[in-house]
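Everything on this sheet refers to the single structure shown next.
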Amino acid sequence: MLESPSAARAWRRSHVSGALFGLTRLLRDPFGQLLTLGVVAVALLLPALGLLALERVNAAASAWRPSGDLTVFLAAGEPIERAVEVADSLNGRPEVIATEVRSPDDALAELRRLSDFAEALSALDANPMPALVIVRLSPLGAENIDALKQELASLPSVDWVQVDKRWLERLEALLDAAQRAVLLAAAILALAVLLVVGNTIRLEIAEKREEIVTLKLLGATDATVRRPFLYIGLWYGVVGALLSLLLVWLSLRWLQPALADLAASYGNDLALTGLGARGGLALVGYGAALGWLGALVASSRHLRLAEPK
Amino acid sequence: MLESPSAARAWRRSHVSGALFGLTRLLRDPFGQLLTLGVVAVALLLPALGLLALERVNAAASAWRPSGDLTVFLAAGEPIERAVEVADSLNGRPEVIATEVRSPDDALAELRRLSDFAEALSALDANPMPALVIVRLSPLGAENIDALKQELASLPSVDWVQVDKRWLERLEALLDAAQRAVLLAAAILALAVLLVVGNTIRLEIAEKREEIVTLKLLGATDATVRRPFLYIGLWYGVVGALLSLLLVWLSLRWLQPALADLAASYGNDLALTGLGARGGLALVGYGAALGWLGALVASSRHLRLAEPK
Amino acid sequence: MSIRFELVSKRFEDREALGDISFMVEPGEFVFVTGHSGAGKSTLLKLLALIERPTAGIIEVFGERLSKIPRRQLARYRRQLGLVFQDHRLLMDRSAFENVALPLRLDGYSEEAIARRVPTALAQVGLGGRERAFPAQLSTGEQQRLGIARAVVAAPKLLLADEPTGNLDPQLAVEIMELFVSLKSQGTTVVVASHDLPLIQKIRRRTIVLERGRQIDDFRPEDAHA
Amino acid sequence: MSIRFELVSKRFEDREALGDISFMVEPGEFVFVTGHSGAGKSTLLKLLALIERPTAGIIEVFGERLSKIPRRQLARYRRQLGLVFQDHRLLMDRSAFENVALPLRLDGYSEEAIARRVPTALAQVGLGGRERAFPAQLSTGEQQRLGIARAVVAAPKLLLADEPTGNLDPQLAVEIMELFVSLKSQGTTVVVASHDLPLIQKIRRRTIVLERGRQIDDFRPEDAHA
Ligand SMILES: Nc1ncnc2c1ncn2[C@@H]1O[C@H](COP(=O)(O)OP(=O)(O)OP(=O)(O)O)[C@@H](O)[C@H]1O
Ligand SMILES: Nc1ncnc2c1ncn2[C@@H]1O[C@H](COP(=O)(O)OP(=O)(O)OP(=O)(O)O)[C@@H](O)[C@H]1O
Ligand SMILES: [Mg+2]
Ligand SMILES: [Mg+2]
């Protein structure tokens, strides 16, 4: 018979109509969907921006490291030439990547920049700082840092050697904490997406309760009945993610001038670049998965209330 | 006739039953209300905590001011007794509240604490810092700060006078920015409350659409039909506020040890106290008003869809 | 005059549900409106209940022009009516008692008056003792009777009943019609839309006949009761 | 055997809606179930549609024990049925066409088949040309007929109609019953719950009579059509 029923056709049809239903549902009343879409977009925006920023700061942090790994303080009164000699003797060695010589004036200037007592220091009669050699170590050097310190400290012209890991360690600890905070925020925000999409699906189901019961009475399977709601969740995720991509772009444009200033003052390229195509796709996928999951949870919970009697 | 109808009785009754309906509605399915109550509670918690913290920091800031308003740097080599003389000569004057004398060793120690070059400074052969007198000004003194500076700087034993307003100004700018941030966050969160309560009311209305139409057909006024929904919003606000009071209390308990440490290191009482009865009442009132407003907006919008035909 | 229709028409987009209807109903009168499915019976009642507005013509109820009633006065107007809906329109989350009590509560009757009147109304429709049942626990016919009890409990000035016996067997239908007729003693005007010709023949009252929205007859059986 | 009831009872908390019902229905047979309001007619049909489960007894449909059908198979089972609900149960946000097309879509019929069958079914219930109307734009009787068209369109093996003519005038009611009788040609078994005694007398088919949940009669008029 030409008009024979077909389970496959019914299945395909329910996907197409489910997807269309979800999309039209969303587009029909965008104002009513503001809360949901807003939460989804913000919940994707904040982690995305956070991760982007972390990535840039990480990259910048490894590029900076201007003060090196070791600072060699020459004895007071030693001339700058002695510092250059020390630097030269280090430059050939495999433990060392680079060296940098600072005159006592440079050193004082830096001390001033970092201290709240700038004006007080300017009142000092004489410069108390010695000349410095700042040493940047190779991985090999980093391994043998203590031996190197001993060796340099025993040089006659050297007063004292300081291991400069402190601020890098601090920065790394800070970045680590920031990363955790971003991930925690992302998790909380993901939960918020599940809740808010779930709430919306609950609303949809409440509005269509009678219709759902009727569909089941007419022989629609649970999966068929559920499909449009899962698609609604999916579309929320997708549209919310697209919205958050827009917001990422806007935020970056808005942050750019401030960042440019900051970057200029460090002589570094701190410019945030966008997410790129792969990042954008990942964000949309993440949003879709979250929306779908929220719809899944809510529909399991609430479709049970729409059983025939 | 004994059984005569009474408009006043109908009105009273609709308030009582509306309030009861709203409350039972909320308590019947607290899990389903998690999102709404959570948003309300957090939206009230964050500004409350923020304002509490600001208040404490403000109080602490005016109590601290340990370095005073002026720092008088004596000429290098002047003995500490000269600093005491300067301090004594200032103590009687109306412009001055208090003075404090620092030996060169104290001054170096402080410089060290504030600087990243602590180890480098410890390598210095001699202490470059002079003795200091730290001067705290009265309001009169603050007005004439420039004249006073001139006068002190012209003393023979004094090398230089520094006006120490910088860090206070910074702190004040910071507090100002923090206050703005807290208020902005409060506004955004208030909007979130309106949206989320509105969404819940929308759900309620959707679930009761047919019932609402029937009530109107039976002669219930718009106000009567709307009343239970306004009460729902009100209860959300109240219960959310109570929840946020609980959260405030928990947060304070949790923050207390960390704050105690911090306070100890500044020798100051930074302990956050609770909101107090008046603050708590204000929070509940604020929550109730927000919830009610959200319900008002949503019910205006959505009850229109529940008209008989 | 209880009701006056003057050249009333009602169009829904392309369909004319009612066309040029004119009639009058005296206070306390009992009128059937009949006609085939889709003839316009429910539309006529909806116009009286202000659920729909006419496209043309004048409707007056108790001397009041319906088109002049502002939105704010709708509730007051409707509280004079007793409505039996073709689809019952019960409140599913309230007991039978509370459903029937509703009009009394809206009018602000005392709890004692409610406790006295509601069981009486339920007993009149054969639902005595079912006070605590919820609508979902009633058969369709029982639901219909619950709706009838709710419509009559507050002694409305005008009772509009749309197909009130569609879910009742012939014997019950007659009993309900007798209940409606008895409301005359309290001055209630009754308009019943029904397609149940055997019932109409049995009750023998004034009958307005509609066909495709037109009023094709308005007769009072010769031996009609007053 | 199409249907077999064996000592079936259904209690709702304190009320016995059906007690010890036993009967059998042959494939292609047409059966009325009648009785007063609240007698248990709808409950009997709900048991067959697996909307309610019996408290005791055995029900078999097409040789399948209903109590053995797992939840996952409910949809498959129900797609063999055509259901006319006492409260119509139309999808209010879909047109008349889409309402009737629904069972065909669920079965996975092609669009061409749907476009051919739906208008036929609508014409059979006197709604030809109303394809684009939404349920809210139909009178109650028209809604009921739409529900009937939806129930018959997919040629169900078993048609369960609960008070399918409650909102129709006597003439239309007979036409609908004649439509149901004609389904015998495609092998459909028909069970109609109705309180409309004049109609039952006119159609003259096997009739099961219920009273307060008990089966008090099961008769086949002497001159009943096969
Ligand atoms: N869910 C339920 N809970 C409790 N009682 C119920 C429930 N459903 C039906 N009943 C009761 O069972 C009895 C039979 O109901 P049923 O709906 O089968 O009657 P019916 O014969 O279809 O009546 P009608 O002609 O009025 O539709 C009635 O007394 C009804 O009150
Ligand atoms: N909202 C609407 N939009 C469009 N058409 C409508 C609407 N309401 C009713 N109609 C049409 O108006 C006509 C009269 O409808 P009405 O409900 O008054 O009929 P009725 O006499 O009550 O019929 P029944 O006995 O079937 O209830 C019908 O053809 C119907 O399709
Ligand atoms: Mg009608
Ligand atoms: Mg029934």
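To find a chain, count down the sequence lines: A is the first, B the second, and so on, and within it residues start at 1.
What you find for C:Q86 and D:T140 is that their closest heavy atoms are OE1-OG1, 2.6 Å.
For the atom pair CG of C:D196 and CG of D:L168, the computed distance is 12.0 Å after rounding to the nearest 0.5 Å. Of the inter-residue distances, the one linking D:S139 atom OG with C:H36 atom NE2 reads 12.5 Å to the nearest 0.5 angstrom.
Neither the backbone nor the side chain of D:D87 comes within less than 4.5 Å of any heavy atom in chain C. When heavy atoms are compared at a cutoff of 4.5 Å, C:E13 approaches chain D solely by way of its side chain, counted from C-beta outward.
By the neighbour-count criterion of 12 heavy atoms within 6.0 Å, atom CZ of D:R212 is sparsely surrounded, having that number or fewer from other residues, nucleotides or ligands. Dense packing is recorded around CZ of D:R4, with more than 12 heavy atoms of other residues, nucleotides or ligands lying under 6.0 Å away. Around atom CE of C:M92, more than 12 heavy atoms belonging to other residues, nucleotides or ligands sit under 6.0 Å away.
Ranked by non-hydrogen atom pairs under 4.5 Å with chain D, the options C:D162, C:D169, C:T165, C:L138 are led by C:D169. Residue with the most contacts toward chain D among C:Q171, C:R145, C:E163: C:R145 (heavy-atom pairs, distance under 4.5 Å). The candidate from D:G38, D:S37, D:G35, D:P170 with the greatest count of non-hydrogen atom pairs under 4.5 Å with chain C is D:S37.
C:H195 contributes a side-chain N or O that, together with a main-chain N or O of D:G166, makes up a donor-acceptor pair within less than 3.5 Å.
Residues D:Q137 and C:R15 are not in side-chain contact: their nearest non-hydrogen atoms beyond the backbone lie 4.5 Å or more apart.
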